[in-house]
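Quick one: structure below, then a few questions.
Each chain gets a letter, A, B and so on, in the order its sequence line appears, and its residues count up from 1.
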2 protein chains.
Amino acid sequence: MTNKPPLPDFDLSHFTPYRLAVAADRTSEELARQYRARFGVSIPEWRVLVHLAKPVDGAQTVSVRDIEARVAMEKSKVSRAASRLEAAGLIVKAQDAGDRRLVRLALTDKGRALMADLLPLAMAYQQEIEARLADAFAGLEDGLEALLREVSAR
Amino acid sequence: MTNKPPLPDFDLSHFTPYRLAVAADRTSEELARQYRARFGVSIPEWRVLVHLAKPVDGAQTVSVRDIEARVAMEKSKVSRAASRLEAAGLIVKAQDAGDRRLVRLALTDKGRALMADLLPLAMAYQQEIEARLADAFAGLEDGLEALLREVSAR
DNA sequence: TTGACTTCATTGCATATGCAACGAATATTC
DNA sequence: GAATATTCGTTGCATATGCAATGAAGTCAA
């Protein structure tokens, strides 16, 4: 048996991008389990809804472009999520009066009602994470803060 | 204009599952840019390769099942990644002699050569992250450690 | 104003994905 | 040891995704 030259000793389980991916998957999944069955909302849809529930400044509505930028999703993903949400009667799309290229998205009453149920659920999950991590949470926050600042810079 | 009851004030940008997802996306992407074009390897394929490059214990080969468990990917994803890698001549699949349901995966010489290039690249990226985060890195590690322990428990 | 660029959102297309179903092999139970 | 249940890996299928191309609208410069 030929003895191959050894490969560098690399430990995937301590590789930061990998750990982040697993942590993200597991937490998103843990939360999604709570609302998917009950409300029939996917993760991309949830992100759009959350963004609409919290208009920045005084803005009543938001464009696809805004969401793409702030929510870290491709615009086609946003567009499709928005279409599904519209079909479900949770949001409405309207042409912006000033710039007719823009599509302004806004929650319907039904959408608002849904979010009134959904948001507390998410907030409770956040509390749960903080409680479960205890002291380690602050460090995680700082680390994520620094990392996000770094990788979004370019 | 009717004044709707206000929704809870929820800040997506400080929601841990969301931050983790963004951080994971960005870092994976930043790294993938370095090897995808050069080596034609996707992220699922890369994960399988890494796992094969580091046999646990003395094991020379690994089954799809092993990878599914340790690498946090669906078995169909692993299976398909493995098929592509086999087609590319980077790994070989063989029936396990003892339990003929198992498929043992192993790097070919070509696969080993690829990993000899790829692993240093990943290790350098890890160094880079640690350097860029400086003091915040330790906290991130502790936080991820605690979080992964928590969410994989059940 | 006209014509060249840019921006916005959607869509076509090829590929990737998750899930359930399947066939083959093994384990378990009686 | 026969029947049943479970495990392993692959695949069919419906859906989701990324990317490029498109069309519509707006901007800019001369």
B:Asp25 CG to D:dG18 P, in whole Å, measures 8 Å

Please report, rounded to the nearest Å, how far the P atom of C:dC8 is from the CD atom of A:Glu68. 9 Å

What's the CG-C1' distance between A:Leu102 and D:dG26, to the nearest Å? 10 Å

Inspect the contact between A:Arg26 and B:Glu150 and indicate whether a charged nitrogen and a carboxylate oxygen are less than 4.0 angstrom apart. no

B:Ile67 has an atom CD1; how far is it from atom P of D:dT10, in whole Å? 11 Å

Any non-hydrogen side-chain atom of A:Leu7 less than 4.5 Å from a side-chain atom of B:Leu107? yes

Candidate list A:Arg80, A:Glu74, A:Lys77, test side chain to side chain contact (heavy atoms under 4.5 Å, CB included), partner A:Pro44, passing option: A:Lys77

Side chain of B:Lys77 - closest among C:dG18, C:dA9, D:dT11: C:dG18

When rounded to whole Å, the CZ to P distance for the pair A:Arg65 and C:dA9 reads 8 Å

Do the side-chain N or O atoms of B:Ser63 get closer than 4.0 angstrom to the phosphate oxygens (OP1, OP2) of D:dG9? yes

Scan nucleotides 22-28 of chain C against the protein and return all N/O pairs shorter than 3.5 Å with their distances rounded to 0.1 Å.
residue, atom, partner, partner atom, Å
C:dT26, OP1, B:Arg100, N, 3.1

Kindly say if A:Ser79 contacts the phosphate of C:dA9, meaning a side-chain N or O under 4.0 Å from OP1 or OP2. no

Closer than 4.0 Å, any side-chain N/O of B:Ser76 to the OP1 or OP2 of D:dT10? no

Under a 4.0 Å N-O cut-off, is there an ion pair linking B:Glu29 with B:Arg36? yes

Length of the line joining B:Leu105:CG and D:dG9:P, which is rounded to integer Å: 8 Å

Kindly indicate, with the supporting measurements, whether the criterion side-chain contact (heavy atoms from CB on, under 4.5 Å) is fulfilled by A:His14 and B:Glu145. CA-CA 9 Å; A:His14 286 310; B:Glu145 190 69 39; 4.2 Å; yes

Could you tell me the separation between the CG atom of A:Asp66 and the P atom of C:dT7, rounded to a whole number of Å? 15 Å

Assert: residue with more 5' nearest nucleotide on DNA chain C, out of A:Glu29 and B:Glu45, is B:Glu45

Atom-pair distance (CZ on B:Arg80; C1' on D:dG12), nearest Å: 9 Å

Name the one of A:Thr27, A:Leu31, A:Val50 that satisfies side chain to side chain contact (heavy atoms under 4.5 Å, CB included) with B:Phe15? A:Leu31

Contact between A:Val92 and A:Arg104 at the side-chain level, heavy atoms closer than 4.5 Å - yes or no? no

